[in-house]
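Just so you know, residue 1 is the first one in the sequence shown, and it goes up from there.
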Amino acid sequence: MLEVEKKKNVVVIKVSGRLEINQALELEDLINSNISNGAKFFVFDLGNVHYLSSSGIRVFIATLRQLKEMKGRMILANLSSNVIKTLKIVELDGLFEIFDNVDDAVKTIESE
């Protein structure tokens, strides 16, 4: 399940459940439609994600690359223990900016 909230110029997307192929494609469409509308700052709230598949990881990597080209930024926040474990196993925990909570992530982006 995906919920979107805008906090000033930051798009906060709360992801819940299992981030597998179908939800990953839905998330990618949601991200791309926000980017098409001018968004370039994203925070992903992953506190309720029970499972992160390679499809989900691919969406985050593709988004990170796309936003870097646009001088944008994305932060993964409020990660569940399963998501942390998955990112560490595939050695991508150092690739992403990771914050303990959504509010701090949003404040960090807004302060730029």
(message) Using a 3.5 Å distance criterion without hydrogens, assess whether the side chain of Glu3 forms a donor-acceptor pair with backbone atoms of Ile13.
(response) no

(request) State plainly whether one hydrophobic cluster holds both Met74 and Leu92, where clusters connect Ile, Leu, Val, Met, Phe, Trp and Tyr through side-chain heavy atoms under 4.5 angstrom apart. (result) yes

(message) Are the side chains of Glu26 and Leu2 in contact, using a 4.5 Å heavy-atom criterion?
(response) yes

(message) Looking at Ser53 and Leu19, would you say the former's side chain and the latter's main chain have a donor-acceptor pair under 3.5 Å?
(response) yes

(message) Restricting to non-hydrogen atoms, name the atom on Arg73 and the atom on Glu97 that form the minimum distance, rounded to 0.1 Å.
(response) NH2-OE2, 2.5 Å

(message) In the structure I gave you, are the side-chain heavy atoms of Leu52 and Leu46 within less than 4.5 Å of one another anywhere?
(response) no

(request) Given side chain to side chain donor-acceptor pair (under 3.5 Å), test Asn78 with Asp45 step by step and report yes or no. (result) CA-CA 6 Å; Asn78 189 29; Asp45 181 348; 2.9 Å; yes

(request) Drop me the distance from Lys40's NZ to Leu67's CG, to the nearest 0.5 angstrom. (result) 9.5 Å

(request) Look at Glu28 together with Arg58 and state whether they make a salt bridge at an N to O cut-off of under 4.0 Å. (result) yes

(request) Go through Phe96 and Leu64 one step at a time and tell me if the side-chain contact (heavy atoms from CB on, under 4.5 Å) criterion holds. (result) CA-CA 8 Å; Phe96 300 107; Leu64 184 64; 4.1 Å; yes

(message) Between Asn34 and Asn37, do the side chains contain a donor N or O and an acceptor N or O under 3.5 Å apart?
(response) no

(request) Of all the heavy-atom pairs spanning Gly56 and Ala24, show the shortest one and how long it is. (result) N-CB, 3.9 Å

(request) Could you tell me whether Lys14 and Glu5 have a side-chain N and a carboxylate O separated by less than 4.0 Å? (result) no

(request) Check the pair Val43 / Leu76 against side-chain contact (heavy atoms from CB on, under 4.5 Å), numbers first and verdict last. (result) CA-CA 6 Å; Val43 172; Leu76 304 181; over 6 Å; no

(message) I'd like to check Ile35 versus Gln66 (side-chain heavy atoms, cut-off strictly below 4.5 Å). Are they in contact?
(response) yes

(request) Check step by step if side chain to side chain donor-acceptor pair (under 3.5 Å) holds for Asn101 and Asp104. (result) CA-CA 6 Å; Asn101 64 69; Asp104 286 349; 3.1 Å; yes

(request) Treating Ile, Leu, Val, Met, Phe, Trp and Tyr as nodes and any side-chain heavy-atom pair under 4.5 angstrom as an edge, say whether Phe41 and Val11 lie in one connected cluster. (result) no

(message) Do Phe60 and Tyr51 sit in one hydrophobic cluster, given that two such residues count as connected whenever their side-chain heavy atoms are within less than 4.5 Å of each other, even indirectly?
(response) no

(request) Determine whether Phe99 and Thr108 make a side-chain contact, defined as any pair of heavy atoms from C-beta on separated by less than 4.5 Å. (result) yes

(request) Could you tell me which non-hydrogen atom of Ile98 sits nearest to which non-hydrogen atom of Asp93, and how far apart they are? (result) CD1-O, 3.6 Å

(message) Would you say Leu95 ends up clustered with Phe42 if hydrophobic residues are merged whenever their side chains have heavy atoms under 4.5 Å apart, either directly or through other cluster members?
(response) yes

(message) If you define the side chain from C-beta out and look only at heavy atoms, does anything of Val4 sit under 4.5 Å from Leu30?
(response) yes

(message) Checking side-chain contact (heavy atoms from CB on, under 4.5 Å) between Ser55 and each of Ile21, Leu27, Asn22, which is the one that passes?
(response) Ile21

(request) Taking Gln23 for its side chain and Ser16 for its backbone only, find out whether a donor-acceptor pair lies under 3.5 Å. (result) yes

(request) I would like to know whether Asn48 and Val15 meet side-chain contact (heavy atoms from CB on, under 4.5 Å); could you show each step before the answer? (result) CA-CA 7 Å; Asn48 292 320; Val15 186; over 6 Å; no

(message) According to a hydrophobic-cluster definition based on side-chain heavy atoms being under 4.5 Å apart (Ile, Leu, Val, Met, Phe, Trp, Tyr only), do Ile109 and Met70 belong together?
(response) no

(request) Take Val102 and Val12 through the test side-chain contact (heavy atoms from CB on, under 4.5 Å) and record every step on the way to the result. (result) CA-CA 8 Å; Val102 172; Val12 179; 3.9 Å; yes

